[in-house]
Amino acid sequence: MSHDGFESFVDAIFLLIVLFAASGVMLTRGLVSEHDPRSDGVALAGNLRLALFRTTLDGLGYRQGATDIEVRNGTTVETFLRLEVHLLRNASGDVDFGPANVRIGRIVARLLPSGWSGSVFGGLVGEPVVVQLPAITPSPDRFESRWAYAPVHGVGPGTELGVLVWLSPRR
């Protein structure tokens with residue numbers, strides 16, 4: 001065998017080694033790993049938070065004392081909940097978000113797949129929750145997606161909103 005032939009032979013062997021290694025990498029990446037059921041709950045909580053908080057609603061409002069206050073049409077659920085947390089925490093007097101909260105609670109229920117329950121919550125960062133829609137006790141085995149926002153007026157603690165989801169118990 002000539003020197004040029006030997007070099008070609010060695011090159012072919014190295015090429016085969018590289019191809020086998022690449023094939024091994026591709027096969028191990030292509031194998032289906034064991035499914036982690038917790039990942040479904042985490043993904044659902046995140047997706048629900050995004051879908052719910054981006055939803056815009058018309059006709060939202062609240063009652064402060066004897067005055068009905070309307071929020072502009074097209075307000076996102078996220079913006080409304082931030083306002084609600086701010087007013088419940090800082091308002092002097094009676095503030096009622098009842099009808100709007102019922103609407104938001106229904107949206108949460110409609111967005112959840114069959115067999116799942118959930119709620120949305122809000123409060124100031126580092127303080128107790130002041131809003132939970134619907135007002136139900138979540139399962140201890142729940143999945144959560146939360147987000148923190150800057151303070152409404154730029155002063156004080158920020159607002160924290162989130163979503164809890166859990167598998168409903170079988171009946």
Side-chain angles (χ1 to χ4, degrees), residues 32-171:
V32 177
S33 62
E34 186 177 323
H35 178 71
D36 178 14
R38 291 192 53 81
S39 65
D40 291 340
V42 171
L44 177 61
N47 292 337
L48 177 63
R49 181 181 58 82
L50 290 173
L52 177 66
F53 290 175
R54 291 178 180 167
T55 300
T56 58
L57 295 173
D58 295 340
L60 286 177
Y62 58 95
R63 185 169 188 82
Q64 188 163 17
T67 307
D68 288 328
I69 300 171
E70 299 253 344
V71 178
R72 71 177 167 80
N73 286 339
T75 297
T76 64
V77 170
E78 176 181 50
T79 301
F80 186 79
L81 290 172
R82 287 184 66 201
L83 173 68
E84 182 174 354
V85 167
H86 176 75
L87 290 175
L88 287 175
R89 171 64 167 65
N90 298 316
S92 59
D94 187 30
V95 183
D96 178 24
F97 290 88
N101 287 347
V102 169
R103 285 181 64 192
I104 294 170
R106 286 185 191 140
I107 294 170
V108 170
R110 280 196 308 262
L111 289 173
L112 287 167
S114 178
W116 288 83
S117 294
S119 67
V120 61
F121 65 90
L124 296 180
V125 175
E127 294 189 19
V129 168
V130 295
V131 174
Q132 185 166 355
L133 311 172
I136 55 177
T137 303
S139 166
D141 297 324
R142 63 182 178 257
F143 305 97
E144 182 177 309
S145 178
R146 64 175 60 206
W147 198 256
Y149 305 86
V152 173
H153 292 299
V155 179
T159 305
E160 188 170 58
L161 300 176
V163 169
L164 302 171
V165 296
W166 60 93
L167 280 169
S168 297
R170 296 181 188 211
R171 300 182 197 277

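Model, not experiment: these values are computed from the prediction. One is the number of the first residue; the rest follow in order along the sequence.
In this structure, Asp58 CG and Thr75 OG1 are separated by 8.5 Å, a value rounded to the nearest 0.5 Å. Rounding to the nearest 0.5 Å gives a distance of 5.0 Å between CZ of Arg103 and CG of Leu57. Distance check, rounded to the nearest 0.5 Å: OG of Ser117 to CG of Leu164 gives 11.5 Å. Atom CG of residue Leu50 and atom CG of residue Leu111 lie 11.5 Å apart, to the nearest 0.5 angstrom.
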Residue pair Trp116, Leu167: steps toward the side chain to side chain contact (heavy atoms under 4.5 Å, CB included) verdict: CA-CA 4 Å; Trp116 288 83; Leu167 280 169; 3.5 Å; yes
Candidate pair Val95 and Tyr62, rule side chain to side chain contact (heavy atoms under 4.5 Å, CB included), full reasoning: CA-CA 7 Å; Val95 183; Tyr62 58 95; 4.0 Å; yes
Run the side chain to side chain contact (heavy atoms under 4.5 Å, CB included) test on Val125 and Thr159 for me, step by step, so that the C-alpha distance in whole Å, both residues' side-chain angles and the decisive distance to 0.1 Å come before the verdict. CA-CA 6 Å; Val125 175; Thr159 305; over 6 Å; no
Evaluation steps, side chain to side chain contact (heavy atoms under 4.5 Å, CB included), between Trp166 and Asp141: CA-CA 7 Å; Trp166 60 93; Asp141 297 324; 6.0 Å; no
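Nearest heavy-atom pair across Leu112 and Leu44 is CD2-CD2, 4.4 Å. Heavy atoms only, all atoms of each residue included: Leu161 and Gly122 are closest at CD2-CA, 3.7 Å. Between Val77 and Leu52, the closest heavy-atom pair is CB-O, 3.3 Å. Nearest heavy-atom pair across Pro134 and Ser119 is O-CB, 3.8 Å. Closest non-hydrogen pair, Phe53 versus Thr76, comes out as O-CB, 3.5 Å. Closest of all the heavy-atom pairs between Ala100 and Gly61 is CB-O, 3.6 Å.
Distance alone, capped at 3.5 Å, is enough to place a donor-acceptor pair between the Asn73 side chain and the Gly59 backbone. Under the 3.5 Å distance criterion, the side-chain polar atoms of Thr67 are left unmatched by any main-chain donor or acceptor of Arg63.
Asn101 and Glu84 share a side-chain donor-acceptor pair at under 3.5 Å. With no hydrogens or angles considered, a side-chain donor-acceptor pair links Tyr149 and Glu78 at under 3.5 Å.
With a 4.5 Å cut-off on side-chain heavy atoms, Trp147 and Glu160 do not count as touching.
A perpendicular orientation is assigned to the rings of Phe80 and Phe97, their planes being inclined by more than 60° (bins at 30° and 60°).
Residues in residues 118-136 take part in these salt bridge (Lys or Arg N to Asp or Glu O under 4.0 Å) pairs, two or more places apart or across chains: Arg89-Glu127.
Partners of Thr56 under the side chain to side chain donor-acceptor pair (under 3.5 Å) rule, at least two apart in sequence or in another chain, do not exist in this structure.
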